[in-house]
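Just follow the structure's listing: the first ligand is 1, and inside any ligand the first atom is 1.
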Amino acid sequence: MQTITILGATGSIGLSTLDVIKRHPEKFDLYAITGNTNVSGMVKLCQQYQPQIAVMADEQSAQTLQHELKSLGSNVNVLAGTDGLLQVCSDPKVTTVMAAIVGAAGLQPTLTAAKHSKRILLANKEALVMSGELFLSAVAENNAILLPVDSEHNAIFQAMPSSVQKGGALKEAGVEKILLTGSGGPFLTKSLTEFANITPEMAVAHPNWSMGAKISVDSATMMNKGLEFIEAKLLFNASFEQIDVVIHPQSIIHSMVSYSDGSVLAQMGQPDMRIPIAHTLSFPDRIASGVKPLDFTQLADFSFCAPDLSRFPNLDLALQASKLGQGATTVLNASNEIAVSHFLNREIPFNKIAALNEYCLEQLGTVSPTTLDDILNLDQQAREVATGFIAKL
Ligand code: NAD
Ligand code: MG
């Protein structure tokens with residue numbers, strides 16, 4: 001029996017995780033869920049899934065939630081703030097933490113789970129991009145288990161030999177290349193002259209995947225693929241040259257591994273995050289996820305091409321940052337979070353997201369953080385530089 005905390009339970013990944021674990025009550029016990037300030041969402045989830053603990057971001061939303069739950073006769077215990085988040089990631093009862101908070105806000109709780117030797121199911125790619133080796137060292141030093149939920153990294157993990165799954169080197173295992181696939185997002189073929197007029201509604205309408213707003217915008221700018229390149233490089237200890245990005249608009253293949261003998265192994269499935277979630281929950285076993293298998297007689301096209309870096313400068317910036325190192329990836333992640341939130345609030349146009357990221361990388365991309373404090377300071381500095389840039393637009 002695994003006892004589970006879900007960070008970001010009210011989000012897209014959080015809800016899919018709840019859907020998978022409710023199918024297997026004999027395997028998974030829900031200990032805690034967290035939901036930032038979304039009181040109404042958390043009331044529903046507490047009623048439906050009966051966790052022991054619910055965590056809200058601040059005292060006020062925690063009090064409101066506790067009050068509403070009491071009036072409904074529920075005895076879920078409500079905690080607040082960072083202390084609450086860290087408690088549900090470190091409690092000795094917890095075996096497994098689903099890290100599905102979006103953005104840098106997920107770093108501290110996920111790092112705490114690593115320091116307490118938990119099994120971490122990692123959806124929150126920004127936390128890894130932001131902290132890199134520091135996070136991986138915390139996992140290794142504390143014998144935590146890190147399993148990738150991001151569909152591409154989960155696919156790569158599944159297509160790797162067990163030596164690499166256990167942390168071994170790619171070359172010794174005969175791996176030549178990681179082929180990181182991406183759909184190219186909703187604007188793969190849109191005329192570049194129309195990019196300035198892209199609205200938040202257009203950007204969050206992904207052709208294949210249903211996801212939270214931030215990652216949907218990242219998919220539209222292809223920053224998502226850039227963050228995933230950095231994520232793959234870290235998770236599989238790969239060199240820059242060992243990873244190729246391949247566009248595959250149908251999102252049926254979720255990524256591939258190419259071997260020295262010419263074999264290429266792909267993981268395929270419907271574009272439904274319950275597949276990688278179920279895989280990480282039960283690895284090395286397999287459990288039902290609720291997703292139907294592919295019907296190959298119903299698949300029309302199956303196409304591939306190289307990414308166009310001039311059309312998607314954010315992908316290019318992320319590739320450059322991954323060469324520069326930890327400081328650059330911390331800065332890029334922070335500036336991109338600021339850019340996307342301003343774009344979603346209609347304060348900057350779509351095509352300024354890359355301009356802002358480029359400016360922040362130029363200003364701060366060569367700083368070399370080593371400690372957690374260095375990383376948090378650099379993240380903060382990049383947010384200030386990004387906000388200053390926007391004020392001048
Ligand atoms: P979402 O916006 O749907 O959900 C985000 C969750 O995080 C919500 O529960 C929200 O309450 C919580 N949250 C937001 N800000 C917070 C803060 N400051 N403090 C505490 N909690 C906060 O996002 P999502 O699509 O579920 O994505 C979650 C993570 O998973 C992201 O890092 C994303 O890149 C990654 N991911 C998502 C998908 C997908 O299909 N949705 C696929 C791969 C990876
Ligand atoms: Mg992905």
Revision key, fill the gap. To the nearest 0.5 Å, atom CG of L227 lies from atom CG of L332 at 6.5 Å
**Study point:** Protein residues that have a heavy atom under 4.0 Å from any atom of ligand 1, sorted by chain and number
**Key:** G8, A9, T10, G11, S12, I13, G35, N36, A100, I101, V102, A105, A123, N124, K125, E126, D150, M211, G212, I215, M273
Check your understanding: Is the closest side-chain donor-acceptor distance between D83 and Q87 under 3.5 Å?
Key -> no
Revision key, fill the gap. For L170 and N237, the nearest pair of non-hydrogen atoms, with its separation, is CD1-O, 4.5 Å
Review point. If every non-hydrogen atom of A339 is compared with every non-hydrogen atom of N357, which pair is closest and at what distance?
Key: CB-OD1, 4.4 Å
Exercise for review: For D373 and T371, test the side chains for any donor-to-acceptor distance below 3.5 angstrom and give the result as yes or no.
Suggested key: no
Review point. Which one of H254, Q158, K125, E231 satisfies the side chain to side chain donor-acceptor pair (under 3.5 Å) criterion with H153?
Key: E231
Point to revise | F229 ring center near F240 ring center (under 6.0 Å) | key: yes
Exercise for review: Using 2.8 Å as the cut-off, note every protein N, O or S atom close to the Mg ion (ligand 2).
Suggested key: D150 OD1, E152 OE1, E228 OE2
Study note, to complete from the structure: Those residues at least two apart in sequence (or on a different chain) that pass ring-ring contact (aromatic ring centres under 6.0 Å, His included) with H248 are F302, F304
Pairs of donor and acceptor atoms involving the side chains of residues 316-325, under 3.5 Å and at least two apart or interchain, shall be tabulated with distances.
from	atom 1	to	atom 2	distance (Å)
S322	OG	L319	O	3.0

